[in-house]
Each structure stands twice: as structure tokens, then as C-alpha cells.
K.L.:
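A single structure is presented below for examination.
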Amino acid sequence: MKDDFDPRRVDVYALVSQGKALQGSIALVRLSRLVDGLPEQATGEAGLAHWEVRGATGLGTAKTGVVSGQPLLHVHVRAGLVLECQRCGAPFTHPVDAQCTLQLVESEDDLDDELGAPQEDDENFAEDYPDKVVGSRHFDLLAQVEDELILNVPYVPRHDVCPGQAGAGDASQEPAIERPSPFAVLEQLKRKP
């Protein structure tokens with residue numbers, strides 16, 4: 001593909017038929033759906049999302065749930081998102097290194113097609129069945145990159161160990177003050193004749 005391609009208008013069917021890959025980077029601040037409600041993102045190299053999208057054709061195995069010959073996109077995204085710790089309120093960098101496979105379908109009606117879809121009660125049920133998206137000759141790859149980043153924002157972002165709490169671990173090792181059980185009074189009443 002050309003160096004001057006527009007990642008918001010890609011012929012994904014050509015990408016699949018040629019088995020080619022596209023890659024690039026985008027500043028996180030340009031992904032408005034992602035950064036809405038997040039702290040200010042880093043600038044420079046630290047504030048970039050690096051992505052690669054590769055076209056492929058499904059082989060049609062039972063383990064993948066993909067119909068043979070079905071066009072696929074393999075998406076790989078790496079970024080360092082600045083999030084706010086819900087425990088201490090301090091910002092921290094959450095690394096994202098995510099991969100997914102998207103199965104291209106012709107229309108929105110095909111999104112609900114149950115052919116090859118996994119059943120939860122099936123013993124071969126796999127969570128890694130590809131998500132379906134409507135393909136196009138003017139496909140927005142950056143929207144898919146942004147979706148993947150959004151899916152990788154933790155529901156409750158937090159540090160593994162909050163800054164300034166290194167010594168707090170020692171305090172938590174001290175025995176807790178024992179308080180009487182609210183049911184102790186009931187136990188005493190039960191024992192009275």
C-alpha cells in the first residue's frame with residue numbers, strides 16, 4: 001500500500017485479497033471517543049497508539065467458527081493509556097497490547113447471522129471467535145483501532161500498588177481491633193433461662 005494512504009478510507013477487500021498489512025501510529029488525543037472522560041494523555045512518543053491491520057482469508061475450521069474463504073482482519077494495537085487510579089486518584093500509565101480478529105460481512109443483516117456462531121453450552125465454545133463488522137471499500141481502520149483501545153480500558157482502573165502505600169502494607173499486617181459481633185447480644189439472650 002502507498003505511504004500516503006488514508007487509514008480512515010481503506011479498501012479492506014483489497015487488503016484481504018492481497019494478504020497485505022497496513023500499520024501506523026496515531027496520537028491518543030485524536031481518538032475522541034477514547035479520551036472522553038480520561039485524564040490528559042501523554043505527548044510525544046508516549047502518547048501514540050501504534051497499530052497494524054493485516055488482511056487474511058478464513059480457513060473454515062470448527063475451532064474458529066469462520067466460514068471458509070471469509071475475509072478477515074487481524075488487528076494489533078499497542079499504547080500506554082493515562083488513566084486515573086480509582087483507589088488513590090493519581091494518574092498512571094496502563095499498557096495496552098491487544099489483538100483481535102474481525103470477520104468482514106457484506107451487510108448489517110449478516111451481523112446477526114448465526115451460521116458458525118458459537119453456542120455457550122457447546123463444549124467447543126471459544127471466546128476468541130471473531131467479531132463481525134461490515135466491510136467496505138472505504139473502511140475506517142482507525143475506528144476499529146479506537147474500539148480495541150476502548151475495550152481494553154479497565155472497568156475500575158487502579159495501580160497494582162498505589163504510590164505512598166509501600167509502608168501501608170506493614171500497617172495492614174497489624175492485628176485489627178476486635179469489635180464485638182452485633183449478634184453476640186442475641187447469643188446472650190438465647191442462653192438466658
Side-chain angles (χ1 to χ4, degrees), residues 1-38 41-42 44-83 93-118 120 124-155 157:
M1 294 278 168
K2 299 177 190 174
D3 289 338
D4 61 343
F5 76 96
D6 181 358
R8 295 194 185 270
R9 295 180 56 91
V10 173
D11 181 349
V12 288
Y13 293 112
L15 193 69
V16 168
S17 68
Q18 297 168 8
K20 291 199 174 186
L22 296 175
Q23 57 189 0
S25 299
I26 185 168
L28 293 169
V29 296
R30 293 186 54 206
L31 303 173
S32 59
R33 290 183 299 126
L34 171 68
V35 298
D36 184 34
L38 295 182
Q41 297 301 302
E45 180 65 27
L48 293 177
H50 302 281
W51 56 269
E52 179 179 0
V53 177
R54 185 173 44 85
T57 302
L59 300 177
T61 65
K63 291 181 181 179
T64 63
V66 177
V67 177
S68 182
Q70 186 69 43
L72 302 173
L73 292 179
H74 299 287
V75 180
H76 184 195
V77 182
R78 294 179 328 278
L81 300 176
V82 177
L83 304 176
T93 301
H94 173 71
V96 173
D97 189 348
Q99 297 183 37
C100 72
T101 299
L102 302 173
Q103 183 175 353
L104 300 174
V105 295
E106 295 290 327
S107 70
E108 289 189 19
D109 294 337
D110 296 332
L111 293 173
D112 295 328
D113 183 11
E114 296 296 323
L115 181 62
E120 289 190 37
N124 295 322
F125 176 73
E127 291 184 9
D128 58 349
Y129 274 51
D131 289 326
K132 294 179 181 180
V133 295
V134 177
S136 146
R137 305 249 179 240
H138 303 287
F139 193 80
D140 188 348
L141 291 179
L142 294 182
Q144 296 304 314
V145 167
E146 185 172 19
D147 287 349
E148 194 59 27
L149 287 169
I150 290 169
L151 290 170
N152 281 278
V153 172
Y155 184 68

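For reference, positions follow the sequence shown, starting with 1. Quick note: numbers below take in every heavy atom, side chains included, and nothing from hydrogens, waters or symmetry partners.
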K.L.:
If you look at every heavy atom in Ala79 and Leu28, which pair is closest and at what distance?
P.N.:
CB-CD2, 4.2 Å
K.L.:
At their closest point, which heavy atom of Gly135 faces which heavy atom of Val12, and how far apart are they?
P.N.:
CA-CG2, 4.2 Å
K.L.:
Within the distance-only criterion (no hydrogens, no angle test), does the side chain of Glu146 pair as donor or acceptor with the backbone N or O of Arg33 below 3.5 angstrom?
P.N.:
yes
K.L.:
Using modelled atom types and a 3.5 Å cut-off, is there a donor and acceptor pairing between side-chain atoms of Gln70 and backbone atoms of Gln103?
P.N.:
no
K.L.:
Measuring only between side-chain heavy atoms, which start at C-beta, is Gln144 closer than 4.5 Å to Leu73?
P.N.:
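No - every pair of side-chain heavy atoms lies 4.5 Å or more apart.
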K.L.:
Quick check: closest heavy atoms across Phe139 and Ser136, and the distance to 0.1 Å?
P.N.:
N-OG, 3.5 Å
K.L.:
Show the nearest heavy-atom pair for residues Trp51 and Pro7, with the distance to one decimal.
P.N.:
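The pair with the smallest heavy-atom distance is CZ2-CB, 3.9 Å.
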K.L.:
What residues, two or more places apart in sequence or in another chain, satisfy side chain to side chain contact (heavy atoms under 4.5 Å, CB included) together with Glu52?
P.N.:
Ala21, Gln23
K.L.:
Look at Arg78 together with Asp97 and state whether they make a salt bridge at an N to O cut-off of under 4.0 Å.
P.N.:
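Between Asp97 and Arg78 there is no salt bridge, as every charged N stays at least 4.0 Å from the carboxylate O atoms.
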K.L.:
Considering non-hydrogen atoms only, spot the tightest contact between Asp140 and Leu142 and give its length.
P.N.:
OD1-N, 3.1 Å
K.L.:
What's the separation between atom OG1 in Thr57 and atom CG in Leu72, rounded to the nearest 0.5 Å?
P.N.:
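These two atoms lie 7.0 Å from each other.
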K.L.:
In a check of side-chain hydrogen bond (donor to acceptor under 3.5 Å, both in side chains) between Asp11 and each of Arg137, His138, Gln18, which one passes?
P.N.:
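Filter result, single survivor: Arg137.
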K.L.:
Counting only heavy atoms not in Arg30 (residues, nucleotides, ligands), do more than 12 fall under 6.0 Å from its CZ?
P.N.:
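No.
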